[in-house]
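Nothing fancy with the numbering, it's 1 onward along the sequence.
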Amino acid sequence: MERKTVSIVGSGNWGSAIAKILGKNVVERKEKFNPEVKMYMYEEMIDGRKLTEIVNTEHENIKYLPGIKLPENVVAVPDLLEATREADILVFVLPHQYVHKICSTLKNNIKQGTVAVSLIKGFSIHEDGVIIPMSKVIGEDLGIPCAALSGANLATEVAQEQFCESTIGCEDDQMGQLLKELFETPYFRVAVVSDRQTVEACGALKNIVGIGAGIVDGLGFGDNTKAAVIRLGLMEMIKATEMFIPEMKVTTFFESCGIADLVTTCHGGRNRLLGESVIKSDKTIKQLEKELMKGQSFQGPLIAREIYTMLEKKNMTDKFPLFTAIHKICIREMDPKEFISCLRNHPEHL
């Protein structure tokens with residue numbers, strides 16, 4: 001088999017952690033992969049120096065993943081087309097709101113036979129309320145197969161090589177096994193399932209529940225209350241997924257992409273931090289992003305808004321009180337103290 005060239009589209013916290021894995025794996029598995037990994041990086045200036053220059057000389061993303069050395073064969077490139085021109089495998093790992101723009105630039109500028117994998121925990125929503133997984137957006141925009149990877153994978157812990165699991169959703173067995181070889185390490189174990197869309201739904205929806213866990217923390221409640229948020233949140237995740245993916249498999253929720261990622265997000269993710277911060281300050285989401293995220297985005301509020309928009313059009317907000325309350329608290333339309341009443345009166349208890 002001809003060796004495959006890998007390119008990464010995105011270079012934030014998670015993108016840089018994945019670059020560390022891929023950079024090492026392509027060298028160790030040189031019979032299947034070419035040894036250089038180009039990583040598209042939006043250019044920024046850090047203390048008068050280009051961030052790409054810092055990454056390529058010091059092999060560290062000092063803004064988004066400080067303290068972690070990247071393999072020297074990972075090359076940061078500020079030009080999207082240059083970074084992806086030779087790629088056989090495109091690894092998308094960037095905020096979901098930028099995907100359409102990125103794909104419009106890439107369209108007709110990629111190699112024939114290229115495949116993609118989305119590590120994006122979000123989705124696109126049409127005006128009629130139809131939710132589209134990001135792998136489908138990428139696949140349709142570029143006209144190529146696109147798998148999805150998602151799991152209980154806090155970027156910093158992955159970068160520190162703490163053991164964890166992840167899930168690849170891919171309908172093509174051969175492609176799924178190739179991606180497993182690309183991503184798997186002794187500390188990053190990967191399972192492959194065919195239920196790609198549910199893998200992505202889990203990765204997106206858990207961000208909303210993570211905010212709810214942070215709200216509970218901010219209000220001063222303990223682990224019992226947070227456990228209720230996780231359970232009720234999981235119920236709403238499953239119900240929402242059934243709405244827009246009728247062929248979904250409930251068993252996928254028991255993979256790393258499902259309940260494991262939900263638990264991790266509710267205890268240590270950035271959206272949990274946001275939920276707590278919303279309670280402890282009167283700042284807007286944008287202000288909190290700037291203060292806490294170094295320019296990166298909280299995906300939870302955006303996904304919560306998109307889901308709320310869909311539910312409102314279907315007159316179903318009352319069926320998803322947890323999702324609805326979290327959205328309204330984020331936009332300051334609901335008193336956070338009412339959140340516990342939302343849990344107490346949840347339909348799952350009736």
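Formation of a donor-acceptor pair under 3.5 Å by the Asp217 side chain with backbone atoms of Glu276 is not found in this model. Not a single donor-acceptor pair under 3.5 Å links the side chain of Thr84 to the backbone N or O of Ala87. The backbone N or O of Ser16 lies less than 3.5 Å from no partner atom in the side chain of Asn61, so there is not a single donor-acceptor pair. Formation of a donor-acceptor pair under 3.5 Å by the Ser7 side chain with backbone atoms of Glu86 is not found in this model. Distance alone, capped at 3.5 Å, is enough to place a donor-acceptor pair between the Asp172 side chain and the Met175 backbone. Side-chain N or O atoms of His267 include one that pairs as donor or acceptor with a backbone N or O of Val263 at under 3.5 Å. A donor-acceptor contact shorter than 3.5 Å links the side chain of Ser256 to the backbone of Glu165. Checked by atom type and distance alone, the side chain of Asn153 never pairs as donor or acceptor with a backbone atom of Val158 at under 3.5 Å. The backbone N or O of Gly210 lies less than 3.5 Å from no partner atom in the side chain of Asn271, so there is not a single donor-acceptor pair.
Applying the side-chain contact (heavy atoms from CB on, under 4.5 Å) rule to Ser104 yields no partners; only residues at least two apart in sequence or on another chain are considered. Considering only residues two or more places apart in sequence or on other chains, Glu181 meets the side chain to side chain donor-acceptor pair (under 3.5 Å) condition with Lys32. Applying the side chain to side chain donor-acceptor pair (under 3.5 Å) criterion to Glu28, with sequence neighbours excluded, gives no partner residue. Qualifying side chain to side chain donor-acceptor pair (under 3.5 Å) partners for Arg3, counting only residues two or more places apart in sequence or in other chains: Asn34. Contacts of His100 classified as side chain to side chain donor-acceptor pair (under 3.5 Å), with partners at least two apart in sequence or in another chain: Asp141. Ile279 is linked by a side-chain contact (heavy atoms from CB on, under 4.5 Å) to Ile215, Leu219, Pro336, counting only residues two or more places apart in sequence or in another chain.
Separation of atoms CE (Met237) and CD1 (Ile307) is listed at 10.5 Å; rounding is to 0.5 Å. Rounded to the nearest 0.5 angstrom, Asp173 CG and Leu178 CG are separated by 12.5 Å. In this structure, CG in Leu234 is found 10.0 Å from SG in Cys266, a value given to the nearest 0.5 Å. Interatomic distance, CZ of Phe221 versus CD1 of Ile340, reported as 4.0 Å (0.5 Å rounding). Between the CG atom in Leu205 and the CG atom in Leu262 there is a gap of 10.0 Å [rounded to 0.5 Å]. Atom CE of Met41 sits about 14.0 Å away from atom CG of Asp79, to the nearest 0.5 Å.
A 4.5 Å side-chain heavy-atom check between Glu43 and Thr52 finds at least one atom pair inside the cut-off. Using a 4.5 Å heavy-atom cutoff, the side chains of Tyr308 and Lys328 are in contact.
Defined by atom type and a distance below 3.5 Å, a donor-acceptor pair is missing between the side-chain atoms of Glu333 and His327. In this model, no donor atom of one side chain and acceptor atom of the other lie less than 3.5 Å apart for Glu157 and Tyr187. Counted by atom type alone, Lys206 and Thr265 present one or more donor-acceptor pairs between their side chains at under 3.5 Å.
In the displayed structure, Gln174 atom CD is contacted under 6.0 Å by at most 12 heavy atoms of other residues, nucleotides or ligands. Other residues, nucleotides and ligands contribute more than 12 heavy atoms inside 6.0 Å of the CZ atom of Phe163. Within a 6.0 Å radius of CD in Glu58, other residues, nucleotides and ligands contribute more than 12 heavy atoms. In Lys30, the NZ atom is not crowded: 12 or fewer heavy atoms of neighbouring residues, nucleotides or ligands sit closer than 6.0 Å.
In terms of heavy atoms, Ala304 sits closest to Ile208 at CA-CD1, 3.7 Å.
The hydrophobic clustering, which links ILVMFWY residues whose side-chain heavy atoms are closer than 4.5 Å, places Ile62 and Val77 apart.
Under the 4.0 Å criterion applied to side-chain N and carboxylate O atoms, Asp261 and Lys121 are assigned as salt-bridge partners. Between Lys249 and Asp195 there is no salt bridge, since no side-chain N of the basic residue sits under 4.0 Å from a carboxylate O of the acidic one. The pair Lys136-Glu200 does not meet the salt-bridge criterion, since no charged nitrogen lies less than 4.0 angstrom from a carboxylate oxygen.
Cation-pi check for Lys239 over Phe320 is met; the charged atom lies under 6.0 angstrom from the ring centroid and within 45 degrees of its normal.
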